[in-house]
Amino acid sequence: MSDRRKFLKQLGSTVVLTSATLSSFAAMEDHERRILQAQKRISSNDKIRIATIGMGIMGYNDTRAALTCPGVELVACCDLYQGRLQHAKEVFGANIFTTNNYHEILDRKDIDAVIIATSDNWHSTIAIAAMHKGKAVYSEKPMVHYISEGLAEVKAQQETKAIFQVGSQRVSSLAFQKAKELYEAGAIGQINSVEASFNRQDAQGAWQYTIPLDASTQTVNWDRFQALEKTKLPYESNRFFRWRNYREYGTGVAGDLFVHLLSGIHFITGSKGPDKIFSIGGTYYWKDGRNVPDVMTAVIEYPNTKEHPAFQVALRVNFISGEGERSSTKIIGSEGVIDLDDDQGFTIHKNRMAAAPGIGGWDSLGTFTNDMQKQLLNNYNTKYTDADKQRPVLPGVTYQSPQGYNASNDHFANFMDAIRNGKPVVEDAVFGFRAAAPCLACNDSYFQNKVIHWDPINMRILS
């Protein structure tokens with residue numbers, strides 16, 4: 001029996017636990033459940049063989065997270081830079097099949113699932129091809145490079161019935177699951193706004209990634225990298241190894257980071273998405289040839305629906321923030337705020353207005369005649385009791401995931417469970433597109449300097 005269970009067993013019926021304590025036990029309970037599931041014996045028939053397409057930063061991180069799931073075996077890797085394929089053999093074993101042609105991955109019969117962690121411009125093309133080849137697909141976010149690709153990818157998933165999950169791991173995290181539970185229970189009253197941001201203050205955080213010394217057309221398949229582009233450019237190491245900085249291959253801070261924020265917001269609120277999007281931004285500091293902003297702010301409006309009342313969202317990414325590196329999502333309601341710190345934990349601060357509206361102080365009362373002031377004060381004190389005049393004192397909640405917890409591991413565990421037993425994924429193609437499209441619309445708004453109107457039900461831009 002765990003220490004937590006022993007402690008609970010010893011509690012008398014008269015002991016009252018704080019919200020913070022209950023939340024801590026809930027985190028331990030969910031974490032223990034996941035550990036028990038991970039320890040289940042997996043037969044050879046249950047083995048899932050995976051391949052990763054795109055062995056950059058996320059490719060390696062996703063592969064490691066996938067391999068924390070029992071019964072998962074890495075069979076093959078694909079990348080357009082030879083050095084990353086060589087390193088894959090160093091890390092995962094010399095017997096790993098490697099190639100710079102993703103079709104060779106999809107044609108293999110011994111691969112059950114693929115992780116797509118390429119530059120954004122290849123996500124949809126490879127995902128659709130993989131689903132038609134009978135593979136389960138884990139696609140890095142955003143699932144599409146352009147909004148126009150989304151419905152075709154949703155259709156492919158629905159027609160093939162392929163298991164498809166988008167890689168915004170916070171929707172699988174213990175903290176976001178608990179925040180959703182408390183939000184739905186009315187912990188903060190009626191939602192009215194959300195403030196969410198990513199701040200960074202270093203070159204790597206701004207995507208100035210290290211470039212290998214042997215980078216050239218001899219080690220990089222540049223033609224294949226830009227095969228989808230109408231305009232073919234001469235080889236440039238920055239564009240290949242720092243592709244996030246270029247609209248041609250990436251989606252900027254909106255597609256890379258706003259999408260994490262909106263995925264979490266949609267998960268907690270049950271929203272299908274906004275109907276109005278506007279953004280501003282610019283390249284204020286990292287003038288390194290990039291053609292996407294290093295600071296961007298968006299204001300997004302969500303309509304009144306059966307899932308939630310109308311509310312607005314303010315999103316911001318700042319790649320040269322004096323605050324340093326910090327992520328925050330504040331879901332603000334009429335009676336409190338859920339303040340999420342990345343995907344590891346959150347606090348709820350509760351506030352409720354007094355029953356009495358107040359009189360005097362910063363008020364027009366003092367501008368009236370003395371006689372009028374006396375009459376108004378007498379009326380006020382007759383109508384409201386001392387208790388009515390006090391703001392209620394409401395306990396908050398603090399929730400923290402267990403030490404060492406990794407939401408990416410749970411996100412992949414969910415994906416593998418779906419492959420093995422048909423359990424629904426938490427972020428399918430529809431959810432993924434509804435999170436990605438408004439973020440990509442932020443780019444459209446910025447570059448076109450206009451408000452974008454979006455139909456969240458039918459998932460299309462309104463003219």
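The first residue of the sequence shown is numbered 1, and numbering continues consecutively from there.
- For Q226 (side chain) and L233 (main-chain N/O), a donor-acceptor pair under 3.5 Å exists by modelled atom type.
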**OP:** Would you check, one step at a time, whether the test salt bridge (Lys or Arg N to Asp or Glu O under 4.0 Å) holds for D455 with R460?
**Re:** CA-CA 5 Å; D455 178 350; R460 61 188 181 93; 3.8 Å; yes

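- For the pair K450 and F278, the cation-pi criterion (under 6.0 Å, within 45° of the ring axis) is not fulfilled.
- Side-chain contact between F258 and V317 is present, with heavy atoms from C-beta onward closer than 4.5 Å.
- Remark: the backbone N or O of N199 is not paired with any side-chain donor or acceptor of S321 at under 3.5 angstrom.
- Checked against a 6.0 Å centroid threshold, the rings of F240 and F225 count as neighbours.
- Note: H266 and Y302 have perpendicular aromatic rings, judged against thresholds of 30 and 60 degrees for the angle between ring planes.
- Stacking of R108 on the aromatic ring of F97 is recorded, both the 6.0 Å distance cut-off and the 45° axial limit being met.
- Note that CZ of F447 and OG of S279 are 9.0 Å apart. Values are rounded to the nearest 0.5 Å.
- N318 and Y284 share no side-chain donor-acceptor pair at under 3.5 Å.
- With Y446 contributing its side chain and T297 its backbone, the two residues share no donor-acceptor pair below 3.5 Å.
- Looking only at distances, a side-chain donor or acceptor of K232 sits under 3.5 Å from a matching main-chain atom of A227.
- By the 30° and 60° cut-offs, the orientation of the rings of W222 relative to Y249 is perpendicular.
- A donor-acceptor distance shorter than 3.5 angstrom exists from the side chain of S334 to the backbone of Q190, with no hydrogens or angles considered.
- Checking side-chain atoms of R224 against main-chain N and O of L80 turns up no donor-acceptor pair under 3.5 Å.
- Within the 3.5 Å criterion, the main-chain N or O of E229 finds no donor-acceptor partner in the side chain of E248.
- Between the side chain of R244 and the backbone N or O of D256, no donor-acceptor pair lies under 3.5 Å.
- Salt bridge E307/K272: present, at least one basic N to carboxylate O contact under 4.0 Å.
- Aromatic ring centres of Y81 and F241 lie closer together than 6.0 Å.
- Under 4.0 Å is where a charged nitrogen must lie from a carboxylate oxygen, and between D112 and K135 no such pair does.
- Looking at T329, its side chain never comes within 3.5 Å of a backbone N or O of L261 through a donor-acceptor pair.
- A side-chain N or O of T63 and one of T52 form a donor-acceptor pair less than 3.5 Å apart.
- A donor and an acceptor atom, one from each side chain of T251 and D120, are located under 3.5 Å apart.
- Remark: aromatic rings of F412 and Y138 are close, center separation under 6.0 Å.
- Counting non-hydrogen atoms of neighbouring residues, nucleotides and ligands closer than 6.0 angstrom, the CD atom of Q448 exceeds 12 such neighbours.
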